[in-house]
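Taking it in order: structure first as structure tokens, then the write-up.
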Protein chains: 2
Amino acid sequence: MARRVRRPEARPDEILDAALAVFSETGFAGARVEDIAARAGLSKGAVYLYFESKEEMLKALVRRLADRVVGAAETLVATQPQADAEKTLRMLVTFMATQLSDPKVSAAPRLVLAEAQRFPEIGALYRDAVIARGRQLLARLCDLGVAQGTFRNIDREILLRACAGPLIAHMLLSTVFSDPAKPGPAPEIVAQGLTDIILHGVLVQS
Amino acid sequence: MARRVRRPEARPDEILDAALAVFSETGFAGARVEDIAARAGLSKGAVYLYFESKEEMLKALVRRLADRVVGAAETLVATQPQADAEKTLRMLVTFMATQLSDPKVSAAPRLVLAEAQRFPEIGALYRDAVIARGRQLLARLCDLGVAQGTFRNIDREILLRACAGPLIAHMLLSTVFSDPAKPGPAPEIVAQGLTDIILHGVLVQS
DNA sequence: ATCGTTAATGACTTTCTAGTCAGTAAGGAG
DNA sequence: CTCCTTACTGACTAGAAAGTCATTAACGAT
């Protein structure tokens, strides 16, 4: 029998780490609680000391992950010393593209995408904790750019789609739809190219 | 006992229609074969006369759905009489935004997004049958624009992300992440705004 | 009408896993 | 050392659902 260690404080985080790993490999429904427990170095029973149910684990996990990336993006924007909207937008897109190229980071949003349909609560949680904040971040940035006279005054809902969409597409193309034969372009190249299009558009003369 | 009707030719399609409905409500794992059968007006056993297994149904479904939208987009581009790249791109984005605003149409890509992680075969199928074709469609359109002198010569991988991404974002925001309190902007408005940004960018003076 | 073939049924078996709980080891207090 | 509390175990239960198959109804041909 395996040695049993007592350290209850660290358990919930350890379990959620394991859960993220297993969930993103097999999906929520395909994940076995016993596998999560094993990966966290525990027995199945112990998991139920910390979480009511498997579904409760999923919610706790998404809650924990929700603000990681958006929080980082917010501080990135907040700590921009000179408030140059164009430069800040460029930096923001680059940061997000780089982050989302890391499978460990993108595991969270991918999990949410996969399960939000089946668990509306997850979708609502993500909408309020992540999307709403991203929307506001962009809105403020847009206001700044307009005030500086460098940005056109664009509808915020459209801007959100135009900025976040390519990042999502990149994430999907470099994970679930990736062709193992030929790897996609490097994150820096993508970030560079995307900001270029978002800022200047596809047409010449701009 | 219910009346039994014999019409084997129509069955596979009817079953797949039912499967799409049930899968997009509850996800693949949550769907019960018996529910799919019931919705198709059959018993569970009959389903297994037409499909080897539940997973085989999913693959057949994705295979059937794969080219619907992309095929339509291809003919749309092909039947553009005057080969004006800008106008064609505008029309293409508008068409896709409108299509993907319809939950019945977007059910297919949403299902693929949700299940591609767990079933790599699904991801590969979609990559080859849908994404590759979209990539080529855009590449040709881009070449045309460059030849006409209206488009800048942009990396195709970047262009794919810049065009498809906002559409995916729109689809997600108007389905899984939609706020029932306030509906998002109408598809025509979104299409109009997105083409505007893709063509001219966010900056002024373009 | 009868018979053979095929479409379809639904009860059954099998498998799998979420969640439970009686019991066990570790550590601390006295 | 002894007892008590607490973290943990793992065998067990209960339920659900995939896939099977012996049986039955419908149809077409003779």
Side-chain angles (χ1 to χ4, degrees), chain A residues 1-62 111 114-115 117-119 121-122, chain B residues 1-62 111 114-115 117-119 121-122:
Chain A
M1 190 194 309
R3 230 178 136 46
R4 290 197 280 174
V5 195
R6 294 161 64 98
R7 43 207 185 83
E9 326 74 29
R11 289 299 185 216
D13 270 340
E14 291 173 353
I15 294 172
L16 290 184
D17 286 342
L20 176 60
V22 177
F23 284 161
S24 38
E25 275 167 22
T26 59
F28 174 78
R32 287 170 33 223
V33 174
E34 207 156 351
D35 291 345
I36 296 171
R39 201 180 282 227
L42 284 172
S43 69
K44 185 166 60 154
V47 168
Y48 284 93
L49 297 174
Y50 297 99
F51 296 96
E52 282 280 304
S53 68
K54 191 180 166 189
E55 190 173 337
E56 211 51 56
M57 281 179 57
L58 176 64
K59 284 183 208 157
L61 178 61
V62 173
L111 179 62
E115 307 298 341
Q117 197 92 48
R118 197 138 110 87
F119 303 100
E121 238 178 303
I122 299 288
Chain B
M1 188 195 310
R3 237 186 126 43
R4 294 197 279 175
V5 194
R6 295 161 61 100
R7 45 207 183 83
E9 325 74 27
R11 289 300 185 216
D13 270 340
E14 291 172 354
I15 294 172
L16 291 185
D17 286 342
L20 176 59
V22 177
F23 285 160
S24 38
E25 275 167 23
T26 59
F28 174 79
R32 288 174 29 225
V33 173
E34 209 158 350
D35 289 345
I36 296 171
R39 199 180 283 230
L42 284 171
S43 69
K44 184 165 60 154
V47 168
Y48 284 93
L49 296 174
Y50 297 99
F51 296 97
E52 283 280 304
S53 67
K54 190 180 166 188
E55 190 173 337
E56 211 51 56
M57 282 180 57
L58 176 62
K59 283 184 209 156
L61 178 61
V62 173
L111 179 63
E115 307 298 341
Q117 196 93 47
R118 195 139 108 88
F119 303 101
E121 236 177 304
I122 300 286

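No experiment lies behind these values; they were computed from the predicted model shown. Below, chains carry the letters A, B, ... as their sequence lines are ordered, and counting in each starts from 1.
Candidate nucleotides D:dT9, C:dG10, D:dA18 were compared by shortest atom distance to the side chain of B:V33, and D:dA18 ranks first. When the nucleotides D:dT9, C:dG19, D:dG19 are ranked by their closest atom to the side chain of B:S53, D:dG19 comes out on top. Taking only side-chain atoms of B:A46, from C-beta outward, the nucleotide of C:dT20, C:dA11, C:dT9 with the closest atom is C:dT9. Closest to the side chain of B:K54, out of D:dC8, D:dG19, C:dT9, is D:dG19.
Looking only at side-chain heavy atoms (C-beta outward), B:L61 and B:L111 come within less than 4.5 Å of each other.
Between the CD atom of A:E34 and the P atom of C:dA18 there is a distance of 8 Å, rounded to whole Å. Atom CD1 in B:I36 sits roughly 12 Å away from atom P in D:dA17 (whole-Å rounding). Rounded to an integer number of Å, the gap from CG of A:L49 to C1' of D:dT5 is 14 Å. Taking atom CD1 on A:I15 and atom P on D:dT9, their separation rounds to 10 Å, with Å as the unit. For the pair B:R32 CZ and C:dC16 P, the interatomic distance rounds to 20 Å; values are reported in whole Å. A straight line from OH of B:Y48 to C1' of D:dA22 spans 18 Å, rounded to a whole angstrom. D:dG19 atom P lies 10 Å from atom CD of B:E52, rounded to whole Å. The distance from atom CZ of A:R11 to atom P of D:dT9 is 7 Å, rounded to the nearest whole Å.
Listed pair B:Y50 / C:dA8 meets the phosphate criterion, a side-chain N or O lying under 4.0 Å from OP1 or OP2.
Closest approach of A:L16 and A:M57 over heavy atoms only: CD2-O, 3.8 Å. Scanning both residues, A:F51 and A:P12, for their nearest heavy atoms gives CZ-O, 4.1 Å.
Within the nucleic acid shown, B:A31 comes within 4.0 Å of sugar-phosphate atoms alone, with no base atom in reach, counting heavy atoms only.
The aromatic rings of A:F23 and A:F28 are tilted relative to each other, their planes meeting at an angle between 30° and 60°.
In B:E121, the CD atom is not crowded: 12 or fewer heavy atoms of neighbouring residues, nucleotides or ligands sit closer than 6.0 Å.
Between B:G45 and A:A29, the residue anchored closer to the 5' end of DNA chain C is B:G45, taking for each the nucleotide with the nearest heavy atom.
For B:K44 and D:dG19, a side-chain-to-base donor-acceptor distance below 3.5 Å is present, hydrogens and geometry of angles not being considered.
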